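Some notes on the structure that comes next.
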Amino acid sequence: METLYIYLLKASGLIALFYLAYYFLLRKETFFTVNRFFLLAGLGTAVVLPLFYITKIVWVTPTPLTFPISELPMQEVAPEETFEINWYLSAIAIYIVGSALFFIKFGMDYWSLNRVLYKTKAQQQADFKLIDVPEKIAPFSYFNTIVFNSSLYSPSELQSILEHEKVHSEQHHTIDVLIIRFFSIVFWFNPFIWLYQRAILQNLEFIADNEATKRLGDKKAYQMALLKITTHENCVALTNHFYQSLIKKRIVMLNKNQSKKWNSWKYALILPALIAFVFIFQIKVLAQEKTVTHTTSSKTTTEDIILVIDKNTSDAKLKQEAQLLKDQHGINLKISKVKRNANQEITGIKVQFDDNQGKKGTSQFSGDKPIEPITFSKSTDKNGKTSIGLYTGKNKPNAKINKRIVLNSSDDEESNFAFSFSDDEEDLTPPDAPSVPDALDAPDAPSIFANEKVPPSIHTPYNSTSPNTPYTVVKKTISIKNSKNGEKPIVYINGKKVDVTMEELTSKLDSKSIERMDVYKGDISIEKYGDDGKNGVIAITTKDGRTEVNVNKIIKRAQADVERSLNDRENMQAEMERARKEIELSKIEMQKAKAEIEKAKQEILKAKKEIEKAKADTQKNQKK
């Protein structure tokens with residue numbers, strides 16, 4: 001939606017630019033034909049130029065994390081319910097209504113024109129169709145059809161009119177009229193489009209007047225005809241009128257001396273303005289983060305690798321980054337299934353990495369909208385612990401995205417448990433897959449997962465200036481991994497300790513009822529919950545605020561599952577008994593059928609014997 005607004009604004013600005021250039025530099029010149037194509041070129045430029053961009057890549061150094069996430073102030077703010085007007089939707093609704101009204105007006109004008117064209121039979125004269133109508137209307141032309149009322153003019157005046165309209169037809173001025181009417185429908189909100197329309201129609205009349213006087217030779221008689229036609233003001237829309245309201249300007253231009261050819265330099269003045277427009281509005285700046293290596297001491301070196309792929313990354317850039325990652329760091333980055341839309345934005349991509357040390361990961365998009373940025377990150381802290389992974393932006397519909405979230409690296413001995421959020425269990429990365437950056441691996445740092453939110457470092461490198469930036473994901477599945485020492489974390493629901501197993505919590509707890517989930521470990525967990533927190537604490541806050549309801553839900557769902565299983569077993573036994581009875585009945589029916597078949601065989605044998613006997617009797621009688 002925002003893209004449409006920007007496009008319309010840019011196109012409107014270019015229309016205004018060309019009109020102002022025409023008004024101040026060209027409207028008094030007699031280069032009528034050149035002015036015609038200048039004005040048409042302005043409309044074409046307004047349509048095409050905003051669609052093209054110049055891409056400029058700027059390399060930036062990522063901002064390092066200077067303090068642990070545990071020191072960040074964390075406060076939950078209740079959302080305020082306020083009514084806000086969506087100005088974007090309101091503007092687009094007004095635009096659509098306005099365009100619809102002007103399109104209806106266009107349709108009515110076209111219907112009115114056809115009434116005039118097909119009401120009276122046309123006479124063919126060379127390449128033109130002449131229609132002499134009885135109505136008192138101003139003469140006009142529509143493509144190769146010329147309409148006039150001969151009873152209103154003398155033969156010489158009629159000849160001037162026909163020569164004027166023939167110029168319109170021969171030079172296809174009707175196309176110009178239809179083009180500017182279309183632009184008036186699309187850009188009706190731009191006041192310059194109406195001035196632009198007036199300029200085009202007026203310049204077409206200048207062209208026809210100039211050519212007609214050359215053919216007629218009598219310029220004075222032609223001007224008298226112009227003055228006489230001013231009394232007939234009933235004009236038909238969508239046509240080239242012999243009468244226009246600015247008769248005085250037409251007569252002035254007829255008597256004006258021809259402009260000197262060296263004045264044509266004025267047309268070139270539009271080029272600097274267009275170049276300035278491109279440099280101001282049509283350059284996209286893409287920020288690419290450099291690989292940063294920094295030393296914390298003479299003995300310890302930490303290396304952070306950050307690679308960002310966004311919707312505008314070119315194919316050449318993808319290959320370059322993958323090759324650089326392999327040559328400098330020995331990491332294989334495979335990029336495949338790249339799909340782009342008409343704007344050359346990436347809408348589908350599959351990114352896989354393998355660090356040749358057992359760490360692998362995959363992130364894949366497949367949709368109609370441009371992708372969110374995909375970040376490959378590898379960091380090693382001063383203790384030698386490595387975090388590596390692919391992190392994506394906001395989840396999009398119809399997109400298959402890796403949303404594995406691990407609190408600590410798999411080699412962290414102090415890890416208590418890990419959470420995984422996914423739309424589909426099959427999409428979860430294996431437990432030993434990439435973990436989040438070190439910002440979440442601080443031993444004493446509480447990791448807060450509010451409902452529908454994940455920490456910012458899951459998606460992009462941590463920025464200390466905006467620590468509370470929310471990112472939304474859809475959570476349908478919650479899976480929990482116990483600590484390595486086999487002890488389970490304690491579960492608190494709405495501030496009350498609940499004795500529930502991890503299996504019950506993960507399989508029975510309704511994730512839609514969770515308002516927020518806080519995960520504590522290490523010293524913070526012990527300080528807040530005492531001995532209960534030695535193996536970690538999962539603090540769950542529900543939307544209804546009732547602990548009993550959640551526990552009862554678990555019990556009721558378990559009971560319902562048991563009852564459902566018992567009912568299914570009873571139904572299965574009943575079906576088996578019914579099937580057994582049907583089999584017994586089938587056996588009886590088969591026995592009866594066999595008996596009937598044997599009886600039929602006996603009957604057939606008996607009939608054969610009777611036939612043989614009849615044949616023998618017949619032969620005896622014949623011998624006698």
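The structure presented is a predicted model; accordingly, all values stated were derived computationally and were not measured.
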Self-check item: Audit row: Phe143, Leu178, side chain to side chain contact (heavy atoms under 4.5 Å, CB included) steps and yes/no
Solution: CA-CA 11 Å; Phe143 289 104; Leu178 293 176; 4.0 Å; yes

Any side-chain heavy-atom pair from [X] and [Y] closer than 4.5 angstrom?
X: Ile175; Y: Ile179; result: yes
X: Val116; Y: Phe140; result: yes
X: Ile193; Y: Ile180; result: yes
X: Ile15; Y: Asn190; result: yes
X: Asn312; Y: Lys284; result: yes
X: Phe189; Y: Leu8; result: yes
X: Leu201; Y: Val177; result: yes
X: Tyr529; Y: Ile490; result: no

Exercise. Name all residues meeting the salt bridge (charged side-chain N to carboxylate O under 4.0 Å, His left out) criterion together with Arg27; count only those two or more places apart in sequence or in a different chain, and write none if there are none.
Key: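 Arg27 satisfies salt bridge (charged side-chain N to carboxylate O under 4.0 Å, His left out) with no residue once adjacent residues are dropped.
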
Self-check item: Set of residues satisfying salt bridge (charged side-chain N to carboxylate O under 4.0 Å, His left out) with respect to Lys266, sequence neighbours excluded
Solution: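 With neighbours one apart ignored, the set is Glu29.
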
Exercise. Evaluate the ring planes of Phe183 and Phe187, with Trp represented by its six-membered ring, and classify them as parallel (under 30°), tilted (30 to 60°) or perpendicular (over 60°).
Key: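 The arrangement is parallel - the two ring planes meet at less than 30°.
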
Practice problem: Indicate the ring-plane relationship of Tyr22 and Tyr19, choosing parallel, tilted or perpendicular according to the 30° and 60° boundaries. | Solution: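 Aromatic pair Tyr22/Tyr19 classed tilted.
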
Exercise. Report the C-alpha distance between Leu25 and Leu269 in whole Å, list the side-chain angles of each, state the deciding distance to 0.1 Å, and finish with yes or no for side chain to side chain contact (heavy atoms under 4.5 Å, CB included).
Key: CA-CA 9 Å; Leu25 300 174; Leu269 292 180; 3.8 Å; yes

Contact summary for [X] and [Y], nearest pair of heavy atoms:
X: Phe106; Y: Arg181; result: CA-NH2, 3.5 Å
X: Thr313; Y: Arg340; result: O-NH2, 2.7 Å
X: Ala11; Y: Ala46; result: CB-O, 3.2 Å
X: His172; Y: Arg36; result: O-NH2, 3.5 Å
X: Tyr5; Y: Leu89; result: OH-N, 3.9 Å
X: Ile185; Y: Ser99; result: O-OG, 3.4 Å

Taking [Y]'s backbone N and O only, do any of them form a donor-acceptor pair with [X]'s side chain (distance below 3.5 Å, no angle check)?
X: Trp188; Y: Tyr95; value: yes
X: Gln282; Y: Leu49; value: yes
X: Asn341; Y: Asn343; value: yes

Quiz item: Is it true that the NZ or CZ of Lys497 lies under 6.0 Å from the centre of Tyr492's six-membered ring and within 45 degrees of the ring axis?
Solution: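 Lys497 over Tyr492 ring: no.
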
Practice problem: Check the pair Leu43 / Ile200 against side chain to side chain contact (heavy atoms under 4.5 Å, CB included), numbers first and verdict last. | Solution: CA-CA 11 Å; Leu43 297 178; Ile200 285 182; 4.1 Å; yes

Do other residues, nucleotides or ligands put more than 12 heavy atoms under 6.0 Å from the [atom1] atom of [X]?
X: Phe182; atom1: CZ; result: no
X: Lys10; atom1: NZ; result: yes
X: Tyr7; atom1: OH; result: yes
X: Phe103; atom1: CZ; result: no

Practice problem: Would you please test Ile92 and Ile96 for side chain to side chain contact (heavy atoms under 4.5 Å, CB included) and show each step? | Solution: CA-CA 6 Å; Ile92 198 65; Ile96 292 174; 4.2 Å; yes

Quiz item: Are the aromatic ring centres of Phe102 and Trp194 under 6.0 angstrom apart?
Solution: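 Distance test on ring centres: under 6.0 Å, yes.
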
Which distance, rounded to the nearest 0.5 Å, do you find between the [atom1] of [X] and the [atom2] of [Y]?
X: Ser314; Y: Ile346; atom1: OG; atom2: CD1; answer: 8.5 Å
X: Ile309; Y: Ile371; atom1: CD1; atom2: CD1; answer: 7.0 Å
X: Ile538; Y: Ile493; atom1: CD1; atom2: CD1; answer: 10.0 Å
X: Leu117; Y: Leu113; atom1: CG; atom2: CG; answer: 4.0 Å
X: Leu333; Y: Leu325; atom1: CG; atom2: CG; answer: 5.5 Å
X: Phe281; Y: Phe277; atom1: CZ; atom2: CZ; answer: 6.0 Å

Quiz item: If we ignore angles and hydrogens, is there a donor and acceptor under 3.5 Å between the side chains of Asp109 and Ser112?
Solution: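 Side chains of Asp109 and Ser112: no pair found under 3.5 Å.
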
Quiz item: Yes or no on ring-ring contact (aromatic ring centres under 6.0 Å, His included) for Phe18 and Tyr196, after CA distance, side-chain angles and deciding distance?
Solution: CA-CA 9 Å; Phe18 272 86; Tyr196 211 102; 7.5 Å; no

